[in-house]
Each structure stands twice: as C-alpha cells, then as structure tokens.
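Everything numeric in this text was worked out from a predicted model, so none of it was measured.
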Amino acid sequence: MKYIQVSSPLNRNVPRLSLYYLQRLMTKPALRGMTISLLRSWVALRTRRYLRRQGDQGQVLAALRTDGIAPLGQVLSPEQCGDILRHLSKKRLSHREGADFTIDTKPGDIAFANYALADLVSCPHLLALANSPAILDLARHYLGCTPTISGLSARWSFPGKASGEVVQKFHRDSEDWLAFRIMVYLTEVGDAAGPHVYVKGTHLDRRTRRLPVLEDDAVRQRFGAHVQRQTGAQGFGFAVDTAGLHKGEVPAGQARLLPSFQYSILPCFLYRCAPEPVATLAH
C-alpha cells in the first residue's frame, strides 16, 4: 500500500482523495456520528450482515471504547512468531528515502523500515490472525458493522537517536470515519525496545481538520497519568484506536518488529492498493 497524491486538477486520484478529506473536514461530533450511523446501515445492506449480539468481547470492547487501547494478551505463540521471523528474515525492507535492504544488512542510520505487502500476505499466521473469529468479532462490534481490513503492515524500529519521523512523535491518524488497529509484538518489547505509547481517552476528543504533531513535554504536561507505555512479551497483541494520540517510542537498545492490521468501516481512500497475485499466497 502506498499513499496517493494529486499531481493535477484532473488527476484520477482526485475523487478518492475527496472522499478521504471529506471525513477529515467533518469535525462536529453530532454530524460525524450521524454520518457513521448512515454508513453502518449502508454496509449492512450491502453485505446483508447485521450486527448480532455481542460475544465474549465485553471487557476488551469496553476498554477499547473507553480508553482507546485494550490488551489482547498472547495472540501468537513463540513457535508462530518464529515461523514469521524466519519467513521475513530474507525479505527486503524499504524506507521512504529509498533504502532497500534485508534485516541483516541494515544501514546504520535507518530509524525504521517496512516489509512489502506481497511478503506479508504470503507470510504464515498473519492473515489467519487478522481474520480470526475473535478479532473480527471485536472489529464488528467496535465499528458497528462488517469491517473492512484496510491496512496490513509490518515495521522494524531500530535503536538510535530520536528522529524527526512523525510516527515516532505524538500524532493522530484519520484513515476513515471510524477505524482501529490490532498491533502485535513479534519481538519482546520492554522499556528499552521502543514500546507503543498511547494517551488514553484522546480518541474521544473532537476531531481536528489538521493532524498536528506534538512534543513529549506538551503531551505529558497536559495528559499526565493518561499516557500509557505498552510493553509486552513476544506474541503479545493489543487493539488501538489510532484517532487518539500515540507514537512508537524510539528503541533505546533493542529493535522492535510490529505488524499491524487496520479495520475500518470503509476502505482508506488515501491508499493506492492493488491486489496481490494468487501465486504469491502460501500456507
């Protein structure tokens, strides 16, 4: 998946970007909530699937709705994590500045890098986890309709000095009218391995047209005890509404590999997606 851009007024991407920015511009909670309700009804009619009684997601769903972040516990076993790491070990990583390398040949000045979508959809266990009944049930009840899996990524974050990258500073995402992510630690993440940091409750703030990047001091001064650093063992997963303030902390001593799956009401119109050939699928 790549971000699309408008290169001219008649660019074919203009309709998609217009749909994306429409939800960015609608910031009033009442109007936004009404639009979300209409979209839920439209998805239900289109899919002919209506929301059923909640299953066993009570505590997780309540925490996600209230705090914007909810632990899921161990969603992958050590053996499954090992299978994934072996599959990805020789796959190419890329950074937006154009670097292309494997994990064993990483340049010293790279803060983070991502795997290609083709290598992720052919990876063992990832798609099975993204489509697992428990997670899809959580997505249905949080979004209020049959979810769209609108994002799949896996990112290494490497130790080093604080960078100017947006993802390593407090920011908000606005991928759809309502969306959240499942994130999984494929490496053990303690205090020195760049834990995910989230400001609980900020997903309920009124939306903003712009998505400002905030400095740590300003966030901690304003939100204090609501700032949560999410550590976890290998295979630990958690759900996050990324409309809330969050960042990936820069690792101090150990690299971190974090796959994530995004669930939304609609596809994210900011992405340029293309289907992967069936031949690339395995397992």
Return the minimal non-hydrogen interatomic distance between [X] and [Y], and the atom names on each side.
X: Ser122; Y: Asp119; value: OG-O, 3.4 Å
X: Cys268; Y: Ser150; value: N-CB, 3.9 Å
X: Arg40; Y: Leu143; value: NE-O, 2.6 Å
X: Ile84; Y: Cys123; value: CG2-SG, 3.6 Å
X: Pro259; Y: Leu186; value: CG-CD1, 3.5 Å
X: Val213; Y: Val166; value: CG2-CG1, 3.9 Å

Original post:
Looking just at side-chain N and O atoms, do Ser264 and Thr148 make a donor-acceptor pair shorter than 3.5 Å?
Top reply: no
Original post:
Just checking, any donor-acceptor pair under 3.5 angstrom between side chains of Arg207 and Gln23?
Top reply: no
For [X], enumerate each residue passing the side-chain contact (heavy atoms from CB on, under 4.5 Å) test, keeping only those at least two apart in sequence or located in another chain.
X: Asp104; value: Lys90, Thr102
X: Ala130; value: Ile149, Phe261, Tyr263
X: Lys28; value: Leu31, Arg206
X: Thr242; value: Asp173, Arg181, Met183, Val240, His246

Using side-chain hydrogen bond (donor to acceptor under 3.5 Å, both in side chains) as the criterion, list what pairs up with [X], not counting sequence neighbours.
X: Trp156; answer: Tyr115
X: Lys247; answer: Asp216
X: Asp241; answer: Tyr142
X: Arg86; answer: Asp83

With a 4.5 Å limit on heavy-atom distance, are the side chains of [X] and [Y] in contact?
X: Leu266; Y: Leu39; result: yes
X: Phe158; Y: Arg256; result: no
X: Asp176; Y: Tyr20; result: no
X: Val219; Y: Val227; result: yes
X: Leu72; Y: Ile182; result: yes
X: Leu93; Y: Ile103; result: yes
X: Arg209; Y: Thr27; result: yes
X: Ile265; Y: Pro147; result: no

Measuring from atom [atom1] of [X] to atom [atom2] of [Y], what distance do you get when rounded to the nearest 0.5 angstrom?
X: Leu258; Y: Ser153; atom1: CG; atom2: OG; value: 7.5 Å
X: Leu245; Y: Lys169; atom1: CG; atom2: NZ; value: 14.0 Å
X: Ser174; Y: Tyr21; atom1: OG; atom2: OH; value: 10.0 Å
X: Ile36; Y: Ser41; atom1: CD1; atom2: OG; value: 12.0 Å
X: Ser157; Y: Gln168; atom1: OG; atom2: CD; value: 5.5 Å
X: His95; Y: Asn114; atom1: NE2; atom2: CG; value: 8.5 Å

Verify, without hydrogens or angle tests, whether [X] (side chain) and [Y] (backbone) share a donor-acceptor contact under 3.5 angstrom.
X: Thr187; Y: Leu257; value: yes
X: His87; Y: Leu85; value: no
X: Gln221; Y: Ala218; value: no
X: Ser77; Y: Gln80; value: yes
X: Arg140; Y: Thr146; value: no

Neighbour count above 12 (heavy atom, 6.0 Å) for [X] [atom1]:
X: Arg222; atom1: CZ; result: no
X: Arg49; atom1: CZ; result: no
X: Arg46; atom1: CZ; result: yes

Examine [X] and [Y] and state if one hydrophobic cluster contains both, with Ile, Leu, Val, Met, Phe, Trp and Tyr joined whenever side-chain heavy atoms are less than 4.5 Å apart.
X: Leu126; Y: Phe180; value: yes
X: Leu204; Y: Leu178; value: no
X: Phe236; Y: Ile69; value: yes
X: Leu17; Y: Leu22; value: yes
X: Leu76; Y: Val60; value: yes

Original post:
What pairs meet the side chain to side chain donor-acceptor pair (under 3.5 Å) rule with one or both residues in residues 192-203, with sequence neighbours excluded?
Top reply: none
**OP:** Write out all pairs satisfying side chain to side chain donor-acceptor pair (under 3.5 Å) with one or both partners inside residues 226-240, taking only residues at least two apart or from two chains.
**Re:** Asp191-Arg229, Gln228-Gln230, Arg229-Glu249
Subject >> Within residues 141-158 or reaching into it, pairs that qualify as salt bridge (charged side-chain N to carboxylate O under 4.0 Å, His left out) - sequence neighbours excluded >> reply: none
**OP:** Go through the steps to decide whether Glu175 and Phe269 satisfy the test side-chain contact (heavy atoms from CB on, under 4.5 Å), and finish with yes or no.
**Re:** CA-CA 8 Å; Glu175 310 284 64; Phe269 295 113; over 6 Å; no
Subject >> Pair Phe112-Val167, side-chain contact (heavy atoms from CB on, under 4.5 Å): steps then yes or no >> reply: CA-CA 10 Å; Phe112 64 85; Val167 295; 3.7 Å; yes
Subject >> Counterpart residues, ring-ring contact (aromatic ring centres under 6.0 Å, His included), relative to Tyr185 (two or more places apart) >> reply: Phe238
